[in-house]
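What follows is a single structure, written as structure tokens, with notes after it.
Numbered from 1 within each chain, the chains take letters A, B, ... in sequence-line order.
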Amino acid sequence: KAGVTQTPRYLIKTRGQQVTLSCSPISGHRSVSWYQQTPGQGLQFLFEYFSETQRNKGNFPGRFSGRQFSNSRSEMNVSTLELGDSALYLCASSLNRGPGTNEKLFFGSGTQLSVL
Amino acid sequence: KQEVTQIPAALSVPEGENLVLNCSFTDSAIYNLQWFRQDPGKGLTSLLLIQSSQREQTSGRLNASLDKSSGRSTLYIAASQPGDSATYLCAVRQGAQKLVFGQGTRLTINP
């Protein structure tokens, strides 16, 4: 069974540009969430999607957005890139049968974004 | 606001030793707690998940405990090996799929 797939693996952009990252969850998983990892702030929750709807959002500016498609694949977009957006962006998926169930989150290898 | 703290930030031990990693959280209203390992430049690998109603979980040489009332969890690694070298992260789940992570413990096992 294939794991969570994130593309591209590495990205280099310049300030002011925009970027789109892609995440394909494990087959059958309906929930996809995104996290930003930086050396200073650690891992921070960005947002979560379920059945094409954003269910939860972290404390990030509106430049960070996302969407989920009918096949559960998700994309994350960052507009007007800033130097501080340089980070490892991780996507996670889960079955999401409900909050009381034993659900692990499975993470992809991430996209390393460098903003110059 | 939930805060998760991991102590120590870094740990170096000789191969074969048993060791304990600590995780504390400020809000006991959690669904579960999950331990992950992360190798440099890679994603997270789930090690153990403890539901809020459980006290511990075991997988091979790993044992994780949870004391929700005191806001603490420990990850016990028995007979450590060089391949255990990685950063270990704990995360508590609050609402839907939102995880709040600690800063991690960077573990080095010396041959």
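A perpendicular orientation is assigned to the rings of A/Phe47 and A/Trp34, their planes being inclined by more than 60° (bins at 30° and 60°). Ring planes of A/Tyr35 and A/Phe107: tilted class, angle from 30 to 60°.
With a threshold of 4.5 angstrom between heavy atoms, A/Gln37 approaches chain B through side-chain atoms but not through N, CA, C or O. Using a 4.5 Å cut-off between heavy atoms, B/Ile50 does not touch chain A at all. With a 4.5 Å cut-off on non-hydrogen atoms, A/Leu90 touches chain B through its side chain but not through its backbone.
The environment of B/Arg106 atom CZ is sparse: at most 12 non-hydrogen atoms of other residues, nucleotides or ligands sit within 6.0 angstrom.
Looking at B/Leu49 and B/Arg93, their side chains never come closer than 4.5 Å, going by heavy atoms from C-beta outward.
In terms of heavy-atom pairs under 4.5 Å with chain A, the best-connected choice from B/Ala91, B/Ser46, B/Gly102, B/Gly104 is B/Ser46.
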